[in-house]
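First up is the structure itself, then whatever we jot down about it.
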Amino acid sequence: MTDQYAVIGNPIDFSKSPLIHGMFAEVTHQDIAYTKILGPLGEFAKTVDAFRANGGQGLNITAPFKLDAFAYATERSARAELAGAVNAMKFDGNKVIAENFDGVGLVRDVVHNLKTPMRGQRVLMLGAGGAARGALLPFLEEQPELLVIANRTLAKAQALVAQVLAQQPSAKGRLQAMGYQDLVGEQFDVVFNATSASLTGDLPPVPATVFAPNGLAYELAYAKGLTPFLRLAQNAGVKHIADGVGMLAEQAAEAFAWWRGVRPDTAAVIERIRVPLV
Ligand code: ATR
């Protein structure tokens with residue numbers, strides 16, 4: 001029987017996951033069906049129970065259910081624990097094993113696709129919400145010289161740093177929390193915008209001087225074109241700018257590999273779903 005997978009969210013029409021996993025299944029010759037589920041608000045557990053009862057093997061989870069998925073899981077990876085959010089699950093009898101592949105997908109896109117090693121580099125992450133949290137452990141594994149988390153609400157960045165240092169005391173000194181005003185006079189090789197500001201066309205109050213001209217500016221949001229953040233970087237002379245299309249494809253490939261034991265190449269998917277940065 002064809003194995004069943006799906007992405008659950010609300011809204012869900014926009015999701016590219018069925019297209020992406022369909023392409024992966026084709027090139028890897030995996031017999032799977034991957035559908036979209038519009039989850040009624042407040043009924044996450046009931047909807048997933050029904051999916052499992054009908055033979056569902058695994059799910060991707062998108063807004064607004066990443067926290068519900070966290071609560072639904074019986075086992076969670078360390079990065080899902082730190083992120084406080086789950087974007088992929090697999091079912092094994094009564095077990096619900098949960099993961100968060102957003103951060104590893106992001107690192108894979110930056111290091112492998114965009115050929116920007118983070119080892120020994122100065123890295124800046126704007127934002128301390130769910131998107132930023134998922135990336136911290138995978139970032140630290142890359143051994144940057146410095147990883148700064150800057151957030152409008154400084155206390156949130158500080159709490160996050162404290163939480164990571166409790167788990168990884170060896171990161172002390174290499175991981176720091178800052179407010180936006182502390183960034184004046186600092187420069188970074190890689191700057192990530194993990195705030196939700198771009199979704200409303202806003203710009204986090206980041207000084208244009210943070211960008212190293214030969215560095216990379218990366219917008220985690222996808223398909224928003226040249227966001228205010230990317231425009232700021234471009235105007236500051238940064239030539240290497242990217243949005244989250246590669247992250248989207250790579251987190252999907254991680255989930256696919258986790259479910260199916262074979263990791264698809266992402267180049268064709270990225271080519272297909274990329275939206276120009278204009
Ligand atoms: P997500 O899951 O997308 O990360 P979130 O958990 O709601 O969403 O977090 C949103 C992040 O974007 C937060 O870091 C938020 O800053 P605060 O913690 O100070 O609220 C940040 N953010 C949203 N709009 C912003 C803006 N206009 N300027 C700067 N930061 C902004």
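Residue numbers start at 1 and run along the sequence shown. As a basis for the values below, the full set of heavy atoms in this structure was taken, side chains included, without hydrogen atoms, waters or symmetry mates. Order of appearance sets the numbers: ligands from 1, and atoms from 1 within every ligand.
The shortest contact between atom 10 (C) of ligand 1 and any protein heavy atom is with Ser196 OG, 3.4 Å. Counting protein heavy atoms only, atom 21 (C) of ligand 1 is closest to Thr195 CB, 3.7 Å. In terms of protein heavy-atom proximity, atom 19 (O) of ligand 1 is nearest to Thr153 OG1, 2.5 Å. The protein non-hydrogen atom at the shortest distance from atom 5 (P) of ligand 1 is Gly129 CA, 4.0 Å.
The distance between the ring centers of Phe229 and Phe211 falls below 6.0 angstrom.
The aromatic rings of Phe192 and Tyr218 sit tilted relative to each other, their planes meeting at an angle between 30° and 60°. Between Tyr72 and Phe44, the ring planes lie perpendicular to each other; the angle is over 60°, past the 30° to 60° tilted range.
Each of the following atoms of ligand 1 lies closer than 4.0 Å to a heavy atom of Pro204: 28 (N), 29 (C). Taking every non-hydrogen atom of Gly127 and a distance limit under 4.0 Å, the qualifying atoms of ligand 1 come out as 14 (O).
In this structure, Ala132 does not count as a contact residue of ligand 1, since none of its heavy atoms falls inside 4.0 Å of the ligand.
Using a 4.0 Å cut-off between heavy atoms, Asn151 contacts ligand 1 through its side chain alone, with no backbone atom that close. Contacts between Arg152 and ligand 1 below 4.0 angstrom, taking non-hydrogen atoms only, involve backbone and side chain alike.
Residue Gly130 places at least one N or O, backbone or side chain, under 3.5 Å from an N or O of ligand 1. Of the polar atoms of Ala131, at least one N or O is found under 3.5 Å from an N or O of ligand 1, judged by distance alone.
Counting only N and O atoms by type, the side chains of Gln251 and Asn87 include a donor and acceptor under 3.5 Å apart. Asn193 and Ser198 are linked by a side-chain donor-acceptor pair at a separation below 3.5 angstrom, with hydrogens and angles left out of the test.
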**Message:** Apply salt bridge (charged side-chain N to carboxylate O under 4.0 Å, His left out) to residues Arg263 and Glu250 and explain how you reach the verdict.
**Reply:** CA-CA 10 Å; Arg263 196 183 198 289; Glu250 295 296 342; 2.9 Å; yes

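Of the candidates Arg133, Arg79, Lys66, Lys66 is the only one forming a side chain to side chain donor-acceptor pair (under 3.5 Å) with Asp102.
Distance screen at 4.0 Å: atom 7 (O) of ligand 1 has no protein heavy-atom neighbour inside the cut-off.
Checked by atom type and distance alone, the side chain of Lys16 never pairs as donor or acceptor with a backbone atom of Ile273 at under 3.5 Å.
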